[in-house]
Amino acid sequence: MKKIIITGALGQIGTELVVKCRQLYGTENVLATDINEPEADSEVAQGPFQVLDVTDKDKMFKTVEEFGADTIMHMAALLSAVAEKRPMFAWELNMGGLMNALEAAREYNLQFFTPSSIGAFGSSTPKVNTPQVTIQRPSTMYGVNKVAGELLCQYYFEKFGVDTRSVRFPGLISYVKEPGGGTTDYAVEIYFEAVRKGEYKSFIDKGTYMDMMFMDDAIDAIIKLMEADGGKLIHRNAYNLSGMSIEPEMVKNAIQEYYPDFKLSYDVDPDRQSIADTWPDNIDVSCARAEWGFDPQYDLDKMTKTMLEAIENKEGVK
Ligand code: SER
């Protein structure tokens with residue numbers, strides 16, 4: 001990777017991926033793109049940036065060509081809960097954008113990354129220690145998009161030789177950018193509200209286990225996978241990844257180590273709960289570990305400490 005174009009650069013992952021890639025490969029070698037303009041003082045704005053709607057194929061091709069990219073990291077997509085509210089738009093954006101990015105990769109010989117998700121699983125998938133290769137019959141538009149995306153990436157690799165690489169991300173937890181419209185968002189909001197208010201009302205019910213991962217581990221995983229020897233990748237589209245399997249009471253207990261008075265209550269959102277109920281409790285990440293050395297560093301306690309300290313700094317509390 002020398003000249004990288006990143007779509008969805010102002011999204012939850014893109015915001016931090018841009019910064020990391022610029023540190024590693026040089027600011028001028030990473031073109032951030034998004035449908036929105038960045039804030040002038042944001043980190044993303046401190047290097048090359050271009051407005052790009054990923055459904056605009058001509059503009060995407062022109063942008064790739066002018067920048068002289070050799071890699072595309074396609075991050076622009078709607079998350080699960082909002083995709084469920086706007087399924088047709090989700091199809092247009094998630095699938096239309098992906099096809100344009102894959103076509104750009106084919107036309108300009110780019111290495112390619114896009115994330116899949118635990119949303120690619122459904123209620124008929126084994127819920128515990130979910131295997132790398134298993135039943136994938138999701139019941140959400142987001143899940144349908146992710147399964148189709150995995151298959152398309154595999155197709156472009158086999159049919160056209162495009163170097164497509166992908167992972168199934170769990171819920172990603174970060175203090176830099178709050179997510180928008182995901183089922184796993186409670187696990188981010190809970191930390192912000194713990195610092196801001198000392199209490200949180202969860203829209204996901206107690207006892208609902210889902211896989212999660214701290215953002216630093218997610219970004220490191222992307223870089224590691226993209227740098228890995230392609231010859232060693234057996235399951236490239238897409239690798240199961242997780243840092244921990246948690247449910248809200250576990251997060252509460254971890255927060256109470258630092259905020260003993262923290263209170264967690266529940267106001268379950270039936271829409272998001274019904275999505276969560278179809279996702280695995282915990283997935284098996286052994287293929288990612290064996291094939292390219294996936295090695296997450298954050299467990300729940302380390303992540304909790306890091307999240308609380310960073311949010312306190314950000315909010316100017318304590
Ligand atoms: N965090 C995502 C979501 O909840 C999972 O891919 O939609």
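Ligands are counted one by one from 1 in listed order, and the atoms in each one are counted from 1 as well.
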In plain terms, say whether E16 and K20 are close enough for a salt bridge, that is, a side-chain N and a carboxylate O under 4.0 Å apart. no

Check ligand 1 for N or O atoms under 3.5 Å from a protein N or O and list each pair with its distance.
residue: ligand 1; atom: 1 (N); partner: T184; partner atom: OG1; Å: 2.8
residue: ligand 1; atom: 4 (O); partner: S80; partner atom: OG; Å: 3.4
residue: ligand 1; atom: 4 (O); partner: T183; partner atom: N; Å: 2.7
residue: ligand 1; atom: 4 (O); partner: T184; partner atom: N; Å: 3.1
residue: ligand 1; atom: 4 (O); partner: T184; partner atom: OG1; Å: 3.3
residue: ligand 1; atom: 6 (O); partner: S117; partner atom: OG; Å: 2.5
residue: ligand 1; atom: 6 (O); partner: Y142; partner atom: OH; Å: 2.8
residue: ligand 1; atom: 7 (O); partner: S80; partner atom: N; Å: 3.0
residue: ligand 1; atom: 7 (O); partner: S80; partner atom: OG; Å: 2.6

Aromatic plane relationship, F112 with H74 - under 30° parallel, 30 to 60° tilted, over 60° perpendicular: tilted

Ring of Y155, cation from K159 - is the NZ or CZ under 6.0 Å from the centre and inside 45° of the axis? no

Filter on ring pair (Phe, Tyr, Trp, His ring centres under 6.0 Å), then keep only pairs touching residues 249-292, sequence neighbours left out; what's left? Y239-W292, W292-F294

In chain order, what residues pass the side-chain contact (heavy atoms from CB on, under 4.5 Å) check against K177, with sequence neighbours excluded? T15

Mind checking what makes side-chain contact (heavy atoms from CB on, under 4.5 Å) contact with F67, not counting sequence neighbours? K3, L31, A69

